Amino acid sequence: TAQAKYGSASMFFRHGGTSFGIMSAFQDFTGVFTASDIVSASVWVMPTVLPAGQKVRLRLTYKNSGGTIVGSSTLIGTAQGTAFSQLVIQNDSVPAAAGTGTLRVGIELERDGSAGTGTAFFDAAGLWKAAAVPVAWISGRDVANHEDDAGQAHINWLDLRDLPGDVPAL
């Protein structure tokens, strides 16, 4: 959609009707995290319409190598508005029972059967092997510095003054 916290698009969920239900999107990371690793996750969300009983959610789910859920952490948001706000889970320890299983990061829009249609935009979801969500980060595998000139073959710093930038990530 044209609504976005960063860039030019975000993920849009709309949940209508009168029944209970959850709309979700997720990504699994298998074999990347081990028991007792510390992880943090965040997502920016703008629930433009969120009737009573509906909520947005950021969820971390831990599974062992057999696929059995051995733990989870959830952060719920219920405020609606016209600006993005950040849902954050920080300093979360991967359960010992997870071993080298799977960590699932999910975003959700849930309704409890109340009338009304809920809508929410999700953007800039992230997962870090760290005790806290970083204040800033760079998306992409390589970064190009457009300030280089012929006399500076290898600059050991990154120019961030004109973010979001005019040179795309390589």
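Being a predicted model, the structure only gives us computed values, none of them experimental. Numbers here are sequence positions counted from 1.
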_Looking at K5 and A83, would you say the former's side chain and the latter's main chain have a donor-acceptor pair under 3.5 Å?_
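Not confirmed, K5 side chain does not pair with A83 backbone.
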Interatomic distance, [X] atom [atom1] to [Y] atom [atom2] [nearest 0.5 angstrom]:
| X | Y | atom1 | atom2 | value |
| --- | --- | --- | --- | --- |
| T119 | F12 | OG1 | CZ | 5.0 Å |
| I89 | L75 | CD1 | CG | 6.0 Å |
| D28 | L103 | CG | CG | 8.5 Å |
| R104 | Q27 | CZ | CD | 10.5 Å |
| F26 | E108 | CZ | CD | 10.5 Å |

Side chains of [X] and [Y], heavy atoms from C-beta outward: is any pair under 4.5 Å?
| X | Y | answer |
| --- | --- | --- |
| V45 | P47 | yes |
| T74 | L58 | no |
| L127 | F33 | yes |
| I22 | L109 | no |
| F122 | W44 | no |
| T100 | S65 | no |
| M11 | F121 | no |

In the single-linkage hydrophobic clustering (I, L, V, M, F, W, Y; side-chain heavy atoms under 4.5 Å), do [X] and [Y] co-cluster?
| X | Y | result |
| --- | --- | --- |
| V70 | V32 | yes |
| I38 | V88 | no |
| M23 | L87 | yes |
| V39 | I69 | no |

*Partner set under side chain to side chain donor-acceptor pair (under 3.5 Å) for S40, not counting sequence neighbours*: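 Side chain to side chain donor-acceptor pair (under 3.5 Å) check on S40 returns nothing, list empty.
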*By side chain to side chain donor-acceptor pair (under 3.5 Å), which residues pair with E110, not counting sequence neighbours?*
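Per chain and number, E110 pairs via side chain to side chain donor-acceptor pair (under 3.5 Å) with R57.
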*In this structure, which one of D92, T68, T102 forms a side-chain hydrogen bond (donor to acceptor under 3.5 Å, both in side chains) with Y62?*
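Passing option: D92.
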*Passes side chain to side chain contact (heavy atoms under 4.5 Å, CB included), T82 versus T48? Steps please.*
CA-CA 6 Å; T82 57; T48 53; 5.7 Å; no
_Candidate pair I107 and R59, rule side chain to side chain contact (heavy atoms under 4.5 Å, CB included), full reasoning_ = CA-CA 6 Å; I107 54 175; R59 181 189 307 265; over 6 Å; no
*asked:* Assess, by modelled atom type and distance only, whether the side chains of Q3 and S10 contain a donor and an acceptor separated by less than 3.5 Å.
replied: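 Looking only at side-chain atoms, S10 and Q3 do not form any donor-acceptor pair under 3.5 Å.
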_Hydrogens and angles aside, do T61 and S72 bring a side-chain donor and acceptor to less than 3.5 Å of each other?_
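Per modelled atom types, T61 and S72 side chains form no pair under 3.5 Å.
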